[in-house]
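For reference, the structure is listed below as structure tokens.
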Amino acid sequence: MPRQLVLNAFIHDVGHHEVAWRLPETRTDVQRDVTYFQDIARTAERGKLDSVFFADSPSTFGSTVARRPSEILEPALLLSAMAVVTERIGLIATSSTTYEEPYNLARTFASLDAISKGRAGWNVVTSADLTAGANFGYTEPLGHAERYARAEEFLEVVLGLWGGWEDGHRIADKANGVFHDPAKVHALDHVGEHFRVKGPLNVGRSEQGHPVVVQAGSSVPGIALAAKYAEAVFTAQPTLEEGQAFYAELKAATRKAGRNPDHVKILPGLVPIVGSTVEEARAIEKSLDDLVVLERPLAALAEQIGVPADQIDLDAPLPTDIRPASEIEGNRTRYELIVALARREDLTVRQLLLRLGGGRGHRTYVGTPEQVADTIQEWFTSGAADGFNIMPAIYPSGLETFVDHVVPVLQDRGLFRRDYAGTTLRDHYGLPVPAPLGAASGAGVGASSGGAAATTERTA
Ligand SMILES: Cc1cc2nc3c(=O)[nH]c(=O)nc-3n(C[C@H](O)[C@H](O)[C@H](O)COP(=O)(O)O)c2cc1C
């Protein structure tokens, strides 16, 4: 079997283009309609996609990130409703290591993994939206380095809790009144700088062991965290060369961390705008761009770069005297990427804002199904991607077009499955099932992901 693409559908209510909601055919009430999201999951499954994914923040996403404040239902809850109407599609939700507690998070995702019979994934983020801190008692936003230090210990605890149950713990011997074997359920006894967690978790292992660990930060500490723990990485490289450089860097870091680089799937974002001819695809893009009102995105950009909006000329290049990336405490990598994009392509501020409106810095590709398949194939076969985070500009029609017109081309080229070979998310991504940690005395928490926490002891 030749190497197969991983395709993940990044769900963003009515589409990743910021004005998709203004199209005449777009519904504006989907955020609270679970059947809408269930239909999207069914469409992704019809296309044999690996997974669907929700980004998230425990906030309304501050003005620097979202140009369209919207209701956002809690993603793991929403995915559990999607799990019951599907059988194969993987279900990935974002949850924050900065604002959650590891015990609660481990339990939520282990529950989703149980409900879906081994199809859950957790997108680990340190939360790029700095306004979220005010919802959790912080008067100052937590800094980048501090968030990543907490994230590492958080992951050790979650993996330790997930690893605490051995298979065969349930005996259910009715005749002798023995329900389970307590020697197979292990406490964690974690004592660290940020957390004290005794354990064990009150949910055991699933069909895939535990949820797949996904990660989405690309700064230096972000890559270090991914190398140590991530099994899939969402990223946003706009050019093939940058994609190749990031891919090589992360695979090398993974090898250095003592892990098999094939066990971390690198998935750049791709916003496909597909038409049966190039002209048709361009017309779709234009119909969206024509609806963009630049006032709010300009204000958001002004805030990010540290230049008052009234001093920015929309038809001139990005000002040169802007805030350095090192001062960005939120989404530092995306900031660097946006500035590099503007400079590399010599974009005016207006052109830059239109580009960002299409996919927030992710790569947009406008073309026919064959052309979209060509670019996917090129990145996949030239060391830039293991697959893609597919981000339709318009939902649900963009996903339907991708499934009905691009997926068959990829299948005909032998790059993508015609049917699921397994039932779990690990099966789809080609990831190993992690062993329970409890049995391996002294193995240390995080052993399944190559880490070891000196401060954690495991007790039966
Ligand atoms: C595809 C993708 C999805 C992301 N989803 C989220 C998200 O749901 N919530 C969030 O706070 N950050 C999200 N991020 C941002 C990162 O997780 C991270 O917080 C941000 O990039 C800052 O970390 P960095 O400086 O290491 O890149 C996402 C990034 C990418 C590439």
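Every value quoted in this text rests on a predicted model; they were computed, and no experiment measured them. Each ligand, and each atom within it, is numbered from 1 in the order the structure gives. Any value given below was found using the heavy atoms of this structure, including those in side chains, with hydrogens, waters and symmetry copies removed. Index from 1, following the sequence.
Under a 4.0 angstrom heavy-atom cut-off, Gly269 registers as lying outside contact with ligand 1. For Tyr148, the heavy-atom gap to ligand 1 drops under 4.0 angstrom. The shortest separation from a heavy atom of Met391 to ligand 1 is not under 4.0 Å, leaving the residue out of contact.
Those atoms of ligand 1 with a heavy atom of Thr333 less than 4.0 angstrom away are 24 (P), 25 (O), 26 (O), 27 (O). Each of the following atoms of ligand 1 lies closer than 4.0 Å to a heavy atom of Ser127: 11 (O). For ligand 1, the atoms sitting less than 4.0 Å from at least one non-hydrogen atom of Phe234 are 1 (C), 2 (C), 31 (C), numbered in the order shown with element in parentheses. Atoms of ligand 1 found under 4.0 Å from any heavy atom of Asn389 (numbered from 1 in listed order, with element): 1 (C). Listed by atom number, the atoms of ligand 1 under 4.0 Å from His144 heavy atoms are 24 (P), 25 (O), 26 (O). For ligand 1, the atoms closer than 4.0 angstrom to any heavy atom of Ser218 are 24 (P), 26 (O), 27 (O). For ligand 1, the atoms sitting less than 4.0 Å from at least one non-hydrogen atom of Arg332 are 25 (O), numbered in the order shown with element in parentheses. Close contacts between ligand 1 and Thr235 involve ligand atoms 31 (C) [criterion: under 4.0 Å to a heavy atom].
Inclusion of Ser57 in the set of residues having an N or O under 3.5 Å from an N or O of ligand 1 is not warranted. Geometrically, ligand 1 and Arg334 share no nitrogen or oxygen pair separated by less than 3.5 Å. Residue-to-ligand polar distances place Ser219 within reach of ligand 1: an N/O pair is separated by less than 3.5 Å. For the pair Ala55 and ligand 1, the shortest N or O to N or O distance does not fall below 3.5 Å.
Contacts between Gln215 and ligand 1, counted as non-hydrogen atom pairs separated by less than 4.0 Å, are absent for every part of the residue. Contacts between Asn123 and ligand 1, counted as non-hydrogen atom pairs separated by less than 4.0 Å, involve the side chain only. Under 4.0 Å from ligand 1, the heavy atoms of Thr94 that appear belong solely to its side chain.
Of the options Ile328, Val125, Leu337, the smallest heavy-atom separation from atom 17 (O) of ligand 1 is shown by Val125.
In this structure, Glu74 places its CD atom where more than 12 heavy-atom neighbours from other residues, nucleotides or ligands lie under 6.0 Å away. Heavy atoms of other residues, nucleotides or ligands lying less than 6.0 angstrom from CD of Glu25 number more than 12. Within 6.0 Å of atom NZ in Lys48, more than 12 heavy atoms from other residues, nucleotides or ligands are found, so the atom counts as buried in its surroundings.
With 3.5 Å as the limit, one finds no donor-acceptor pair spanning the side chains of Glu400 and His405. No hydrogens or angles considered: a donor-acceptor pair under 3.5 Å links the side chains of Tyr229 and Glu156. Side-chain polar atoms of Arg323 and Gln304 form no donor-acceptor pair below 3.5 angstrom. Counting only N and O atoms by type, the side chains of Tyr429 and Ser51 include a donor and acceptor under 3.5 Å apart. At a cut-off of 3.5 Å, with distance as the only test, no side-chain donor of His362 or Asn389 sits close to an acceptor on the other residue. Between Arg363 and Thr375, the side chains place a donor N or O and an acceptor N or O closer than 3.5 Å (distance only, hydrogens not considered). Side-chain polar atoms of Ser218 and Arg334 form no donor-acceptor pair below 3.5 angstrom.
The side chain to side chain donor-acceptor pair (under 3.5 Å) with Asp50 is formed by just one residue from the set Arg88, His428, Arg417; it is Arg417.
At distances below 3.5 Å, not a single donor-acceptor pair connects side-chain atoms of Trp122 with backbone N or O atoms of Val214.
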